[in-house]
Amino acid sequence: MNQSDRVIEKAIELADALNNSKKDKDPMEFAALLFECNLIIEEISNLNYGAICSKRETC
Amino acid sequence: MSDEEIEEIRRKKIQERLSELNDPKRKAREFAKAIVESPTYKNFIDANKEVQENQELQNLLREFQEKQLELQWKGFDQKILQELRDLQEKLNTNSTFQKFINSQNELVALLRKTNSIISQRIGQEFAQRRGGGCCG
């Protein structure tokens, strides 16, 4: 497996963990969790993941 | 303590450990580390460093930005527009800049693919824009 495949594999694991967690949380709690996960990704990678991936280009 | 009680404790411990391993924040950290360790990310960081260290390219980029501003201030001006096109052409043929643009495009494509995978699974947009957009 190459390193880019590993990124995809880890994205799938994160997706599954979030999906499981969604069942036990109300929408506000889940939104806060998504926000925290985005922050963690940005802190470790030093990339603005939200801005890069967000579909919303403008307000 | 009975055998049943010991078994119950063991079951709870296994359950706790499984929840820990599947904690979304832990998974987010692992995901971010995988990004940082990927060649796509490393290529982008290296290309960015090369751009920063290339003085000639820095001058070209500065000149390009200044010309863009000049065009904004003065409005449509054929001469400035042509100068801007010439600078753009220089940037297009600069191998360091092109390497940077290509590595950036590859990284953005990879990150957007991951966001698409996660968003699809959870049934809502995963990527969160901070700060409430341009309107503050």
Side-chain angles (χ1 to χ4, degrees), chain A, chain B residues 15-49 52 103-136:
Chain A
M1 185 196 300
N2 70 38
Q3 289 291 329
S4 291
D5 288 343
R6 194 163 168 268
V7 175
I8 300 296
E9 186 196 281
K10 289 291 168 190
I12 293 169
E13 285 181 16
L14 172 58
D16 288 342
L18 283 169
N19 196 43
N20 284 335
S21 174
K22 193 176 185 180
K23 294 164 194 160
D24 312 322
K25 294 188 187 304
D26 67 43
M28 286 302 285
E29 279 179 325
F30 190 65
L33 177 63
L34 294 185
F35 184 78
E36 268 191 273
C37 286
N38 272 256
L39 265 186
I40 289 168
I41 294 164
E42 289 178 16
E43 278 169 12
I44 293 174
S45 68
N46 214 18
L47 294 169
N48 194 343
Y49 186 85
I52 292 168
C53 298
S54 177
K55 282 177 188 159
R56 192 160 54 104
E57 297 293 337
T58 64
C59 53
Chain B
Q15 202 55 50
E16 277 171 19
R17 183 76 185 123
L18 280 175
S19 312
E20 231 176 79
L21 288 172
N22 286 317
D23 173 37
K25 288 183 220 167
R26 181 193 176 105
K27 291 293 174 191
R29 274 190 290 275
E30 289 177 7
F31 169 58
K33 281 178 192 162
I35 292 173
V36 170
E37 286 164 8
S38 72
T40 313
Y41 179 89
K42 286 176 184 167
N43 288 344
F44 169 73
I45 296 297
D46 291 346
N48 186 44
K49 190 166 176 264
Q52 300 306 319
S103 68
Q104 180 178 255
N105 288 343
E106 280 176 26
L107 182 61
V108 167
L110 176 64
L111 296 180
R112 287 190 173 161
K113 190 174 176 184
T114 63
N115 181 47
S116 167
I117 289 168
I118 300 167
S119 301
Q120 211 168 9
R121 185 84 171 101
I122 64 174
Q124 69 187 80
E125 184 69 7
F126 171 64
Q128 306 282 306
R129 211 178 248 273
R130 272 185 289 151
C134 59
C135 301

Using non-hydrogen atoms and a 4.5 Å limit, figure out which bit of [X] sits close to chain B: side chain, backbone, both or neither.
X	result
A/E13	both
A/L34	both
A/E43	neither

What are the two closest non-hydrogen atoms of A/A15 and B/I118, and how far apart are they?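 Reported closest heavy-atom pair: CB-CA, 3.8 Å.
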Is there a side-chain contact between A/C53 and B/F126, using heavy atoms and a 4.5 Å cut-off? no
Close side-chain approach of A/V7 and B/T40, heavy atoms under 4.5 Å: no
Selection from A/N38, A/N48, A/L47 maximising heavy-atom pairs under 4.5 Å formed with chain B: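 Looking at each option in turn, the highest pair count goes to A/N38.
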Residue pair B/Q104 / B/N48, side-chain donor-acceptor N/O under 3.5 Å: no
Toward chain A, the part of B/V36 with a non-hydrogen atom under 4.5 Å: side chain
Where on B/I45 is there a heavy atom nearer than 4.5 Å to chain A: the side chain, the backbone, both, or neither?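 Looking at B/I45, nothing touches chain A.
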Do other residues, nucleotides or ligands put more than 12 heavy atoms under 6.0 Å from the CG atom of A/N46?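 At most 12 heavy atoms, drawn from other residues, nucleotides or ligands, come within 6.0 Å of this atom.
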Evaluate the side chain to side chain contact (heavy atoms under 4.5 Å, CB included) criterion for residues B/K25 and A/I40: first the C-alpha distance (whole Å), next the side-chain angles of each, then the deciding distance (0.1 Å), finally the verdict. CA-CA 8 Å; B/K25 288 183 220 167; A/I40 289 168; 3.8 Å; yes
Going by an N to O cut-off under 4.0 Å, is there a salt bridge joining B/K27 and B/E30? yes
Among B/P24, B/G123, B/S119, single out the residue with the greatest number of heavy-atom pairs under 4.5 Å to chain A.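 Ranked by contacts with chain A, first place is B/P24.
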Can you tell me how far the CG atom of A/L14 sits from the CD1 atom of A/I41, to the nearest 0.5 Å?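 It is 6.0 Å, given to the nearest 0.5 Å.
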Applying a criterion of heavy atom separation less than 4.5 Å, what residues of residues 20-31 of chain A form contacts with chain B? A/S21, A/K22, A/F30
Using a 3.5 Å distance criterion without hydrogens, assess whether the side chain of B/N43 forms a donor-acceptor pair with backbone atoms of B/P39.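 Looks like yes, one N/O pair under 3.5 Å.
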